[in-house]
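What follows is a set of notes on a single structure, which appears directly below.
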2 protein chains.
Amino acid sequence: MTPLTIHEAATTTGWSPRMLRYVEQLGLVDAPRSAAGYRLYGPAQLQRLRTLRELLETHGVELGDVGFALRLRKEPELADALDTWFDAAPRKPHDLPDADWLSFEQDKHQSLLSTRSTA
Amino acid sequence: MTPLTIHEAATTTGWSPRMLRYVEQLGLVDAPRSAAGYRLYGPAQLQRLRTLRELLETHGVELGDVGFALRLRKEPELADALDTWFDAAPRKPHDLPDADWLSFEQDKHQSLLSTRSTA
DNA sequence: ATAACCTTACCAGCGACGTGTCAGGGTAGC
DNA sequence: GCTACCCTGACACGTCGCTGGTAAGGTTAT
């Protein structure tokens, strides 16, 4: 099986050559190179390009988003920090008495439905 | 402890009121409302806003990125699809003999280091 | 009741992203 | 050696996200 050149790969995957280079630049699909530096697209890359396209379409995602997801995989510290932040919602900030904290937390969840005396 | 208005909260957290509304719109920090519809920022929200700011600064992340991370949490199917795609790199696309596939995969990893004869 | 704040909903500028295209130079096959 | 392709780098243009500002109208506290 002969690897395809970038133009051929573009034709069969629905991307443009320009976009294939861009996708590679984002670190999403990088093609091996020939000795002369030509990108060579084998079945692995073609498959990856097609499924990538499908991913974008079916989930309404942008290339940049996938790039960010990649970054999350490469920087677990970032992923951890985000997880921590998202899960930290109901955590008390250690600088006020529990009573006040808890009462406000309750307010927070009830206020949308409750009567604010001043009204 | 009295919840702060949006302007006060902005002052103490370093955001602008405009941005606090935007952050809420992204679903990252939503403040409970008074009966009249005023946003009320309590310690929980203030803490969240401060840690969010810290998160952005220390990791060089944009609000939109955090918004996307939130989307990943809300749409596990998306997260799964991305995980699958990222992990699917070394999978053979069931339409060619293993030998060819494997040899090309090896090419893929060695070509960057190989001969470069023409140089 | 007046001043100062809040609300939502727009418009606007700036920069980033996505994509095309071109220029200058190398490579491959006929 | 021609022709058609590849490479990188750069410019260009439309769209969109981020951020500020403003307008029209309601609320709160003095």
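Numbers restart at 1 for each chain; the letters A, B, ... are given by sequence-line order, proteins then strands. For the numbers below, each heavy atom of this structure counts, side chains included, while hydrogens, waters and symmetry mates do not.
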- prompt: Counting side-chain heavy atoms from C-beta on, which of D:dG26, D:dC7, D:dT19 comes nearest to A:I6?
  reply: D:dC7
message: Are B:Y41 and B:T12 packed together at the side-chain level, in the sense that at least one heavy-atom pair is separated by less than 4.5 angstrom?
response: no
field: Any donor-acceptor N/O pair under 3.5 Å between C:dT21 base and A:R18 side chain
entry: yes
- request: Nearest-nucleotide wise, let me know which of A:S16 and A:Y38 is further upstream toward the 5' end of DNA chain C.
  value: A:S16
- request: Please state how far atom CG in B:L28 lies from atom P in D:dT19, giving the value in whole angstrom units.
  value: 12 Å
- request: Indicate yes or no: at least one non-hydrogen side-chain atom of A:L26 is less than 4.5 angstrom from one of A:L63.
  value: yes
- request: May I have the distance from B:L20 (atom CG) to C:dC5 (atom P), rounded to whole angstrom?
  value: 16 Å
Side chain of A:R39 - closest among D:dA10, D:dT8, D:dC6: D:dT8
task: Nearest whole angstrom, please: distance from the C1' of D:dT27 to the NE2 of B:H7.
output: 17 Å
message: Once rounded to the nearest 0.5 Å, what's the spacing between atom CD of B:E8 and atom CG of B:L40?
response: 10.0 Å
- prompt: Are there more than 12 heavy atoms of other residues, nucleotides or ligands under 6.0 Å from atom CD of B:E62?
  reply: no
field: Nearest-angstrom distance from the residue atom CD of A:Q25 to P of C:dG20
entry: 15 Å
statement: Ranking C:dA28, D:dC6, C:dG20 by distance to the side chain of A:T5, first place goes to D:dC6
Given C:dT19, C:dC5, C:dA28, the nucleotide with the shortest approach to the side chain of A:L63: C:dT19
message: Between C1' on D:dT15 and CD on A:E62, what's the gap in Å once rounded to a whole number?
response: 10 Å
message: Please report the distance, rounded to the nearest Å, between CZ in A:R53 and C1' in C:dT19.
response: 13 Å
message: If you only use heavy atoms from C-beta on, which nucleotide in C:dT27, D:dC6, C:dT7 is closest to the side chain of B:R21?
response: C:dT7
field: Non-hydrogen side-chain atoms of B:L52 and B:T13 separated by less than 4.5 Å
entry: no
- prompt: To the nearest angstrom, how far is B:Y41 atom OH from C:dC5 atom P?
  reply: 16 Å
statement: To the nearest angstrom, the CZ-C1' distance between B:R33 and D:dG26 comes to 14 Å
